[in-house]
Number of protein chains: 2
Amino acid sequence: MMRVEPAAEKPADEGARGRFERIYQILRTRICLLDYEPGSRLREEDLADEFGVSRTPVRRVLVKLEAEGLLRSMHGVGTIVTDIDVSELAQVYELRVELAELVGKLSPAIIDEALVAQFRDIRARCDRLVAMRDPRLFSQINMEFFHLFTTLTTNEPLREISERLYYQTTRIWLKTAARLSSFDELLQNEFVIFQREVADITEAVEHGDLAAAGHVRRAHIAMSFSRIRRAAKPATIRTHLKTQYSED
Amino acid sequence: MMRVEPAAEKPADEGARGRFERIYQILRTRICLLDYEPGSRLREEDLADEFGVSRTPVRRVLVKLEAEGLLRSMHGVGTIVTDIDVSELAQVYELRVELAELVGKLSPAIIDEALVAQFRDIRARCDRLVAMRDPRLFSQINMEFFHLFTTLTTNEPLREISERLYYQTTRIWLKTAARLSSFDELLQNEFVIFQREVADITEAVEHGDLAAAGHVRRAHIAMSFSRIRRAAKPATIRTHLKTQYSED
DNA sequence: CATTCTTGTGTTGTGCACAACATCATGGGA
DNA sequence: TCCCATGATGTTGTGCACAACACAAGAATG
């Protein structure tokens, strides 16, 4: 069975909407961090028990996750985490590349000291974490940086869509990367490149040049995908690697 | 009370998924054709009665529509059709313009005779309908043409997103336009312009120039919004116009 | 008369029992 | 030995009763 960290604190004063949002965020994070691997099955009743509710509110969350393409429920079969092939992944990347550039072009946000400070903070933490080679840590800070990047535009639909596509791709990226025999070196390489990306974009933001930030981001997304695709060409699989993620 | 056309035929052999999809499509169409006006309230039980099911499957559809930004459910209050202001509308248009161009650039579909025939068919029907000045008819053929246009790309995520943004904007466009005192002339004008757009894009497709089709579409979306905004400037409201849509 | 509390009404949210469905194992027949 | 039917089992989907909640009208109070 899969192992995930427990649901942690549960605020007692949350309403129906808060509870919905909490469960939704948790499940989405688990899917994207491969706590639930693509193709694995989720049981509504298990989730209901874990969160201390009945199946009804859980189903509501699952419907939303299905609408976002992260899950697929089938009557009488189960709810499985979606898996996509490389051609679909290529399409999503193709689109993400364009949207990244648009973040720097459409409805720019006002850049104040607080925003710059956030970028500097992530940059500093990234510099500290680069030596740790922890894929989970990499995914988390990558996710955090992504959210910060999208705040560069005030175009809310653009942010929503970018977010959705991001969550669809990162887990597949991580899954593909984790299968490579050269995973350790690849991860280290990716971490260094990501460090440079954060540095470049932070400086672009400091100069108030959002278009530059968008172009840097665009280039890095495109290169990241082409690196993965090139590395995956020989299709050298290393089995039992998933022990890195679940201690069973 | 609002008047909507009855739910028509109900296939007896449809499974759970088919029923879900059917109800979803019907409700989305009603929202976008202003059968349900922005701000109006929907009752789960009414919908359940109409479709001959209980509230449970209806709620599932409502959750999906809420995830797409078309509805908003509030505990103890009701589920209301969302309404957005012009600034939000501007953001969505800003994005739709870019996506339209991308449809002509990313993962082009192969253009066969069947596809060209579909464009010619819509073009012919558009030529016939231009004189009728029926806003509902205009919306329907506009919607149909939109779907055809998105088939020019095989990039599935791009099609999904374009569709979602389209459904968010058309109803607001129609609502805004319908409030103008110059609505009749505006509609006639829009219909003629749309006719030209269909003609231009059809010819671009006939020549296999998808990039051109994308540029034409982009230009028309942008101009359409700027016309609406310009016309709405004086903010001349004509009340009781909604009688055009509900015969009460 | 103004203000605040209470209560009534209507809505969405939740829990639970059961139906519908898919899958697999099992056994009987050719 | 193979094939198909049939039942057992486990899952999601549905219906329904009730809880939680928001809002408005009216009563009680200053």
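Computed from a prediction, not measured in an experiment: that's the story for all the values here. First the proteins, then the strands, lettered A, B, ... as listed; each starts at 1.
- Of the N and O atoms on the side chains of B/E44 and B/T79, not one donor lies less than 3.5 Å from an acceptor on the other residue.
- Under the 4.5 Å side-chain criterion, counting only non-hydrogen atoms from C-beta, B/P38 is in contact with B/L34.
- A/R60 forms a cation-pi arrangement with A/F20, by the criterion of a distance under 6.0 Å to the ring centre and an angle within 45° of the ring axis.
- Counting any heavy atom pair closer than 4.0 Å across all strands shown, A/R43 reaches sugar-phosphate atoms only and no base atom.
- Rounded to an integer number of Å, the gap from A/F20 CZ to C/dG15 P is 15 Å.
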Scan nucleotides 19-24 of chain C against the protein and return all N/O pairs shorter than 3.5 Å with their distances rounded to 0.1 Å.
residue : atom : partner : partner atom : Å
C/dA20  : N3   : A/H75   : NE2          : 3.1

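- Every residue meeting the ring pair (Phe, Tyr, Trp, His ring centres under 6.0 Å) condition with A/Y93, not counting sequence neighbours, appears here in chain and number order: A/F225.
- Rounded to whole Å, atom C1' of D/dC21 lies 12 Å from atom CZ of A/R19.
- In this structure, A/R96 fails the cation-pi test against A/Y166, since its NZ or CZ atom is not both closer than 6.0 Å to the six-membered ring centre and inside 45 degrees of the ring normal.
- Across the protein-nucleic acid pair, B/L47 atom CG and D/dT14 atom C1' stand 17 Å apart, rounded to whole Å.
- Note: CE (B/M74) to C1' (D/dC21) measures 12 Å, nearest angstrom.
- Of the listed nucleotides (C/dT11, D/dT14, C/dT12), D/dT14 has the atom at the smallest distance from the side chain of B/P57.
- Summarising the geometry, the separation between CZ on B/R41 and P on C/dT12 is reported as 7 Å, rounded to the nearest angstrom.
- Nucleic acid contact for B/R60: sugar-phosphate only, since backbone atoms but no base atoms lie under 4.0 Å from a heavy atom of the residue.
- Each of D/dG13, D/dT11, D/dG15 was ranked by its minimum atom distance to the side chain of A/E44; first place goes to D/dG13.
- In this structure, B/L71 atom CG and C/dT11 atom C1' are separated by 15 Å, rounded to whole Å.
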